[in-house]
Amino acid sequence: MSNAAGCGGAGFWQQRADVVVVGTGVAGLAAALSAHRRGARVAVLGKAGDTATFYAQGGIAVVVPRTDDSVEAHVADTLAAGGGLCDPAAVTSIVADGYAAVADLVSDGARFDDDGRGRWALTREGGHSRRRIVHAGGDATGAEVQRALDRASAMLDVRRNHVAQQVVHRDGAVTGVLVHNGDGPGVIHAPSVILATGGLGHLYPATTNPDGSTGDGVALALWAGVAVSDLEFVQFHPTMLFDGSASGRRPLITEALRGEGAVLVDSRGARVTDGVHPMGDLAPRDVVAAAIDTRLRATGDPCVYLDARGVTDVATRFPTVTAACLAMGIDPSRQPIPVVPGAHYSCGGVVTDVTGATEMAGLYAAGEVARTGMHGANRLASNSLLEGLVVGGRAGRSAAAHAAESGAVRAQPDLDERRISLPRRDLQEAMGRHASVVRDSDGLHALTEALHAASPAPTRGRAAFEDAALTATALAVAAAASERTESRGCHHRSDHPEADPARALSSTVRLRGGRVTVDQPEGVC
Ligand code: SIN
């Protein structure tokens with residue numbers, strides 16, 4: 001049964017809802033459930049295919065009461081990983097609500113691995129000073145989170161094969177969403193819209209992200225005139241399974257393997273992170289990815305290796321990783337796993353507060369698409385499912401309250417919208433060459449030139465929309481990366497290898513008159 005009301009129309013379909021949620025991963029479904037539980041009529045839109053949540057392996061970072069852990073310790077680790085750009089108040093607020101959010105998920109049916117004594121089994125990942133990662137199915141945490149949320153949302157109006165193409169607004173407030181589905185274009189009139197579209201990994205030729213991670217939410221916000229920030233901080237996961245030149249979504253090799261004793265070595269067996277950081281292979285992710293990149297440049301090898309032969313019961317504890325390796329003819333209990341850094345997570349995104357509210361009335365963002373100030377210049381491992389759950393829930397509550405206050409609205413979308421769009425392979429090639437783990441001024445300039453060669457095209461249909469979204473997002477990443485003339489967190493500049501203390505501030509990117517502009521915070525010249 002549909003919760004959103006149909007209202008007929010001329011030339012395109014029309015419906016009404018109180019809250020439209022764009023995205024069906026952890027943040028989207030947490031938002032949809034909390035809005036629904038506050039009495040809102042909710043419509044949830046998703047593209048076909050799996051979410052990034054489904055593929056998450058390691059787990060959820062959460063402070064479990066009555067352990068050696070504390071909110072203060074988790075906050076300190078998050079701030080240390082974030083390279084000076086986290087918002088401490090946002091981090092504290094999100095971390096402090098983590099346990100309650102995970103407990104709610106358990107009430108919704110999620111089951112996490114236990115330690116045999118009736119408590120959650122806790123593992124460790126890079127940058128964490130404590131064992132605080134809860135997991136499910138060994139290394140299939142995301143699949144369990146998705147299963148539980150899908151089940152809890154079964155009574156909601158969740159539509160697959162729906163591509164949200166435009167946030168419609170008037171006088172600074174949301175009025176709905178232009179959508180494309182199998183029936184063609186349509187509009188959902190709604191005073192509240194929550195972007196929970198996930199990430200942007202398909203800016204690059206190879207990524208750990210599912211096919212749908214094409215920067216949609218960042219592009220929708222930019223096109224609506226809403227600010228994005230910290231987009232230069234694209235996190236490369238140190239260990240993506242290496243399979244020659246294979247492109248598209250590639251399997252992740254979870255960091256939790258290193259938490260359980262696996263080590264990174266090069267082709268001669270030398271340790272990759274020796275002398276790099278006091279936490280060695282469990283240093284924050286940006287440090288380990290950069291160490292691998294440096295080693296690959298020095299040796300000329302195509303990959304390094306994760307040696308998990310010392311991990312107890314690797315096949316039982318890490319069944320997802322084991323299956324991916326076996327499919328490539330590698331047995332992790334007997335052979336080192338070939339790995340390279342892979343585009344994994346956008347630390348930046350649409351600027352929001354910790355309730356998911358953006359600067360536009362009625363527009364919210366939660367999960368990877370949002371920039372709350374939680375991750376700064378480099379996200380701490382397993383803080384993403386945590387943030388998606390906590391901020392997703394809050395965004396749903398805020399959006400429901402906003403809809404109740406606003407009453408009915410009427411959206412008038414631009415049905416003839418054209419957006420600049422570069423062919424996807426050209427864009428991925430240019431991003432992979434010039435905006436990968438290490439960047440420099442010449443490369444970023446070449447990237448920007450290539451992106452400006454894009455020509456306007458209609459955005460109807462998923463592929464055309466995604467190419468336009470990737471192009472807009474790439475322009476924002478390139479602009480932010482060009483402006484940041486220092487190295488910090490995930491953003492490494494070979495021409496500016498040191499951090500500049502004067503630049504420990506986030507800049508803001510907007511689309512103005514078809515051009516991307518970067519606003520520096522006060523104090524940066
Ligand atoms: C992993 O399992 O290594 C990835 C977890 C994350 O991205 O937080």
Side-chain angles (χ1 to χ4, degrees), residues 57-58 77 80-81 83 123-129 133 139 204 206-208 233-246 250-311 314 318 321-322 324-325 328 330-345 377-382 432 436-439 487-494 497-499:
Q57 293 183 0
D77 291 346
T123 192
R124 223 182 129 191
E125 291 181 320
H128 288 277
S129 60
I133 319 291
D139 58 1
Y204 295 90
T207 172
T208 62
F233 302 110
V234 178
Q235 184 172 73
F236 284 76
H237 194 287
T239 57
M240 179 174 77
L241 187 61
F242 174 70
D243 186 8
S245 59
R250 311 300 311 140
L252 177 71
I253 305 296
T254 177
E255 204 159 299
L257 267 163
R258 277 175 279 137
E260 301 298 339
V263 293
L264 281 162
V265 294
D266 66 16
S267 56
R268 291 161 300 136
R271 294 285 293 267
V272 172
T273 59
D274 268 0
V276 169
H277 189 280
M279 294 176 97
D281 282 347
L282 282 175
R285 207 168 266 181
D286 57 330
V287 175
V288 180
I292 294 173
D293 191 76
T294 304
R295 185 63 59 93
L296 294 179
R297 284 170 198 259
T299 59
D301 290 338
C303 65
V304 296
Y305 297 87
L306 186 68
D307 190 345
R309 289 176 292 184
V311 175
V314 68
F318 296 100
V321 165
T322 301
C325 291
M328 242 182 72
I330 292 156
D331 177 352
S333 67
R334 295 166 188 271
Q335 295 159 283
I337 307 166
V339 291
V340 286
H344 181 62
Y345 193 86
N378 174 54
R379 175 177 64 87
L380 187 65
S382 288
S436 199
V437 178
V438 180
R439 298 104 184 248
S487 291
R488 180 181 298 278
C490 311
H491 174 68
H492 295 270
R493 291 276 302 246
S494 58
E498 305 298 331

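All values derive from a computational prediction rather than experimental measurement. Residue indices begin at 1 and follow the sequence shown. All values below come from the heavy atoms of this structure, side chains included, with hydrogens, waters and symmetry mates left out.
At least one side-chain heavy atom of Val438 sits less than 4.5 Å from a side-chain heavy atom of His492. Side-chain atoms of Ile337 and Leu241, non-hydrogen and from C-beta on, do get closer than 4.5 Å to each other. Residues Glu255 and Thr239 form no side-chain contact, since every pair of their non-hydrogen atoms from C-beta on lies 4.5 Å or further apart. Residues Tyr204 and Val234 form a side-chain contact, since some pair of their non-hydrogen atoms from C-beta on lies under 4.5 Å apart. Annotation: side chain of Val340 is not in contact with side chain of Arg250 (no heavy-atom distance under 4.5 Å).
In this structure, OG1 in Thr208 is found 7.5 Å from NE2 in His237, a value given to the nearest 0.5 Å. For the atom pair Glu260 CD and Asp139 CG, the distance stands at 11.0 Å (nearest 0.5 Å). Taking CZ of Arg124 as the start and OG of Ser382 as the end, the distance is 13.0 Å to the nearest 0.5 Å. With values rounded to the nearest 0.5 angstrom, Phe242 atom CZ is found 8.0 Å from Met328 atom CE. The distance from the CG atom of Asp307 to the CG atom of Leu264 is 9.5 Å, given to the nearest 0.5 Å. Once rounded to the nearest 0.5 Å, the distance linking CZ of Phe233 with CZ of Arg379 reads 15.0 Å.
When every heavy atom of Pro341 is checked against every heavy atom of Val437, the shortest pair comes out as CB-CG2, 4.3 Å. The two residues Cys325 and Ile253 have their closest heavy-atom pair at SG-CD1, 4.1 Å. Nearest heavy-atom pair, Arg309 versus Ser333, reported as atom, atom and distance to 0.1 Å: CG-O, 3.6 Å. Smallest separation of non-hydrogen atoms from Pro238 and Val288: CB-CG1, 3.7 Å. For the pair Ala246 and Ala206, the tightest heavy-atom approach, listed with the atom from each and the gap, is O-CB, 4.0 Å. When all heavy atoms of Glu125 and Gly58 are compared, the closest pair comes out as OE2-CA, 3.3 Å.
Gln235 and Asn378 are linked by a side-chain donor-acceptor pair at a separation below 3.5 angstrom, with hydrogens and angles left out of the test.
For the ring-ring contact (aromatic ring centres under 6.0 Å, His included) test, no residue two or more places apart in sequence or in another chain qualifies with Phe318. The salt bridge (charged side-chain N to carboxylate O under 4.0 Å, His left out) test applied to Asp301 returns no partner, not counting sequence neighbours. For Arg271, the side chain to side chain contact (heavy atoms under 4.5 Å, CB included) partners two or more places apart in sequence, or in a different chain, are Val263, Val265, Asp274, Asp281.
Side-chain atoms of Thr207 come within 3.5 Å of backbone N or O of Ala343 as a donor-acceptor pair. Although no hydrogens or angles enter the test, the distance criterion places a donor-acceptor pair under 3.5 Å between the side chain of Gln57 and the main chain of Leu252. Checking side-chain atoms of His128 against main-chain N and O of Ala381 turns up a donor-acceptor pair under 3.5 Å.
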